[in-house]
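In the text below, chain A, chain B and the rest are named by the order of the sequence lines, each starting its count at 1. Computed over heavy atoms, backbone and side chain alike; hydrogens, waters and symmetry mates excluded.
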There are 2 protein chains.
Amino acid sequence: MTRPPTNATGPAQRVTSLDVSRVAGVSQSAVSRAFTPGASISPETRRRVLEAAQRLGYQPNAIARSLVTQRSGIVALIVGELHNPFYPQALSQFAQALEMRGKRALLLTHDARRDVQETLEAARSYQIEAAIVFPTRLNAAPPSLGNVEEGGIPVLLFNRHLPGHQLLSVACDNYRGGRLAAQVLLDAGSRQPAFIGGDPDTSTHQDRLRGFTERLAEAGVRPVATPARAFQYDWGVQATLHLDAAGDRPDAFFGANDIVAIGILDALRTLGRRVPQEVSVIGFDNIEESARLAYRLTTIGQPLEAMVEDALRALEDPQPGEGPRLHPGELIWRDTVAGSRP
Amino acid sequence: MTRPPTNATGPAQRVTSLDVSRVAGVSQSAVSRAFTPGASISPETRRRVLEAAQRLGYQPNAIARSLVTQRSGIVALIVGELHNPFYPQALSQFAQALEMRGKRALLLTHDARRDVQETLEAARSYQIEAAIVFPTRLNAAPPSLGNVEEGGIPVLLFNRHLPGHQLLSVACDNYRGGRLAAQVLLDAGSRQPAFIGGDPDTSTHQDRLRGFTERLAEAGVRPVATPARAFQYDWGVQATLHLDAAGDRPDAFFGANDIVAIGILDALRTLGRRVPQEVSVIGFDNIEESARLAYRLTTIGQPLEAMVEDALRALEDPQPGEGPRLHPGELIWRDTVAGSRP
DNA sequence: CTGAAAGCGCTTACAG
DNA sequence: CTGAAAGCGCTTACAG
């Protein structure tokens, strides 16, 4: 132990490749090579370096490496509010998938005070290689996100797309998902379905709504109501209650996402309307909560894992100008839609 | 526009302080000073630098800065599975609080294949200034976590503590929370309460159980059962069903956390037992889901914001050897415990 | 207040 | 395969 990694007083002394090279009796370059896969170094030299490194508790400094290689290995994950459990799940998947590829996830937030653009700018100083942005409202996004791409950092929108903008994006095929939801409700015999929307300024809301109404129209059915406000539980409850108070009695509901659908279910319970005997309910996302015995929500599940993998692939080889990459939603049949599994 | 930040072919050219200095007609040091708060630089020079920087789209390279200042400004957040919504909330709070302090959160995961120690080692290469570890089982932690602290990086355990180990930790006062839960159930008239535990190898489980049974004992009451397994919904359901099948009919339940308590509520609904008329239920955490109309779970809420702030404070000035920093839980009175609010 | 220069800890041509 | 040296983009004494 010539030079322990810590000393009693003061902060720990960093062990550098130079320290290791001295102990191993080789050059500093050799130490670097021992830690670079594929570098030309003899097995014997590598062994001695690794042994010395082990003794000293040495680990290459990724910061210094980044500086010279011009690759930080850092990908920014920019999240807003995490009220929808779908996003933490996505977040955790991304972090893991990134680690598998030897990359790191830098977690950043945006909110009303700090918009995505500002956050992205700040992230740039860490020389991020790419950024994945979790849902924002459509209107907030375009001008800002465009700029950053110019900065040379590929940005990908997860679970949203920006119509008319050239940003990379990966999302569920919400239009087809909306159609599927309509199909399921029609099959259940619904003739007066309602759509309880989420944030109307989002592509998720818009696409699901469009798919839903179009499929309905093909069957000669018009939704009795399509109020929209937010992807929130309280809104699902409130919208359902208001509809009922106004005398509207839909025979089925499509909640813009599971959180909203769960609000609908709870409101229906309050109103004493039986699900699925009197009214059917379908959601979108397939979050864990939807499987609870109290809900057993039938829903359109998003293929999260595939979406995450695809997002990372898209970022590795960004083709500017390509449209959103869409993944098909899958019907998760549970107990809130009348009739039997299609 | 002498030198645009991007060029049509190839990757974007990075703009450095040297580029800015040339445009502004000052030295490279001056550019650095213009971006260093408190550095000695004339207002006029700073203005010219900032203007040139603006023109070129320059932003200091945080990686290069880290290398020379020996401060990365990066704090690692190490998370396991995110099935409990309490953690995403904590995560998001940490990320925001860190940003407020001009720091960045590096998100890392640990799981069965990659334990905390391994993850922490990997994080070290990014010269992290501190690490916050989200729940792990007790038995997995000690040997590993100890080592890392030796490496000079303060590590803090969030929502857990390791009895007998000198790690920093911030948690809810689970012992007192357990006592409070017992008190609430006793006040509701319970004489045969059950505790449905979480992962028995965690301090959260152990402390809550201990507080609960001790307070009960003081009132001459013994819990009818205290099975433990996991902090999961399915386990809450299963444990309750098993108890019932075995002929045990507790008049009240304390779920080790809200997820478990929600499982208990759903199982009770299945069994046709009315809450709170026939049986009371109390949980721990106060996650969003507990407020749903379908549950309205009475619970012990954790003061998340205060805990996050305290954790960051503890990390800024780590006092090795100090015990866990405990925060009092707060009774959130809803509809699952008999009687009226104490 | 300012600039020239050293140096943070690495990687990577280059020459041997 | 190996080592000496340049250089990544900054900050910070040092001298003026």
Side-chain angles (χ1 to χ4, degrees), chain A residues 3 5 11-50 52-53 56-74 102 124-129, chain B residues 3 5 11-50 52-53 56-74 124-129 152:
Chain A
R3 196 176 154 182
Q13 198 80 37
R14 297 196 194 200
V15 183
T16 74
S17 58
L18 199 62
D19 297 322
V20 176
S21 72
R22 280 198 276 257
V23 170
V26 297
S27 72
Q28 183 269 328
S29 329
V31 176
S32 175
R33 293 194 182 101
F35 284 93
T36 306
S40 88
I41 185 173
S42 73
E44 168 58 10
T45 306
R46 153 169 276 135
R47 196 191 55 68
R48 283 169 55 195
V49 169
L50 262 25
L56 302 182
Y58 168 78
Q59 231 188 338
N61 181 329
I63 296 286
R65 171 187 291 156
S66 300
L67 191 59
V68 24
T69 59
Q70 307 274 47
R71 315 211 69 216
S72 66
I74 297 177
R124 254 186 42 181
S125 71
Y126 276 89
Q127 314 303 111
I128 54 171
E129 295 181 355
Chain B
R3 196 178 154 177
Q13 199 79 36
R14 297 196 193 199
V15 183
T16 73
S17 57
L18 198 61
D19 298 321
V20 176
S21 72
R22 280 197 276 256
V23 170
V26 296
S27 72
Q28 183 269 330
S29 328
V31 176
S32 174
R33 292 195 181 99
F35 284 93
T36 307
S40 88
I41 185 173
S42 73
E44 167 58 11
T45 306
R46 150 169 278 135
R47 197 191 55 68
R48 284 169 53 196
V49 169
L50 262 25
L56 302 182
Y58 169 77
Q59 230 189 341
N61 181 328
I63 296 285
R65 172 186 289 155
S66 298
L67 191 58
V68 22
T69 60
Q70 306 274 47
R71 313 212 72 216
S72 67
I74 297 176
R124 254 186 43 180
S125 70
Y126 277 87
Q127 313 304 111
I128 55 171
E129 295 181 354

To the nearest angstrom, the CG-P distance between B:Leu18 and C:dG3 comes to 13 Å
Counting the atoms with a prime plus P, OP1 and OP2 as sugar-phosphate, which does A:Tyr58 contact under 4.0 Å by heavy atoms, base, sugar-phosphate, or nothing?
sugar-phosphate
Separation of D:dC8 C1' from A:Arg65 CZ (nearest whole Å)
14 Å
Do B:Gln127 and B:Ile74 make a side-chain contact, defined as non-hydrogen atoms from C-beta onward lying under 4.5 Å apart?
no
Taking CD from B:Glu44 and P from C:dT2, how many angstroms apart are they, rounded to a whole number?
9 Å
With a non-hydrogen cut-off below 4.0 angstrom, is A:Gln70 in contact with a base, only sugar-phosphate, or nothing?
sugar-phosphate
Spacing between B:Gln127 atom CD and C:dC10 atom P, to the nearest angstrom
8 Å
Under 3.5 Å for both donor-acceptor distances, Watson-Crick or wobble: does D:dA13 have a partner, and if so which one?
none
Comparing A:Ser17 with A:Arg33, nearest DNA chain C nucleotide closer to 5' gives the residue A:Ser17
What integer distance in Å separates A:Gln28:CD from D:dA6:P?
14 Å
Select base, sugar-phosphate, or nothing to describe what A:Thr16 touches, counting heavy atoms under 4.0 Å on all strands.
sugar-phosphate
Can you tell me how far P of C:dG9 sits from CG of A:Asp19, to the nearest Å?
9 Å
How close or far is atom P of C:dC8 from atom CG of B:Asn61, stated in whole angstroms?
18 Å
Which atom names give the shortest non-hydrogen contact between B:Ile128 and B:Ser72, and what distance separates them?
CA-OG, 3.9 Å
Give the rounded distance in Å between these two atoms: CG of A:Leu67 and C1' of D:dG9.
5 Å
Applying a 4.0 Å non-hydrogen cut-off, can you work out what A:Ser40 is touching in the nucleic acid: base, sugar-phosphate, or nothing?
base
Using a 4.0 Å heavy-atom cut-off across all strands, classify A:Thr45 as base, sugar-phosphate, or nothing.
sugar-phosphate
Using a cut-off of 4.0 Å on non-hydrogen atoms, how would the nucleic acid contact of A:Ser42 be classed: base, sugar-phosphate, or nothing?
sugar-phosphate
Could you tell me whether the side chain of B:Asn61 reaches within less than 4.5 Å of the side chain of B:Arg14, counting heavy atoms only?
yes
Should we say atom CZ of B:Arg71 is surrounded by more than 12 heavy atoms from elsewhere, each under 6.0 Å from it?
no
For residues B:Val23 and B:Val20, determine if any side-chain heavy atom of one lies less than 4.5 Å from a side-chain heavy atom of the other.
no
Determine the contact category for A:Ser32: base if any of its heavy atoms lies under 4.0 Å from a base atom, sugar-phosphate if only primed atoms, P, OP1 or OP2 are that close, otherwise nothing.
base
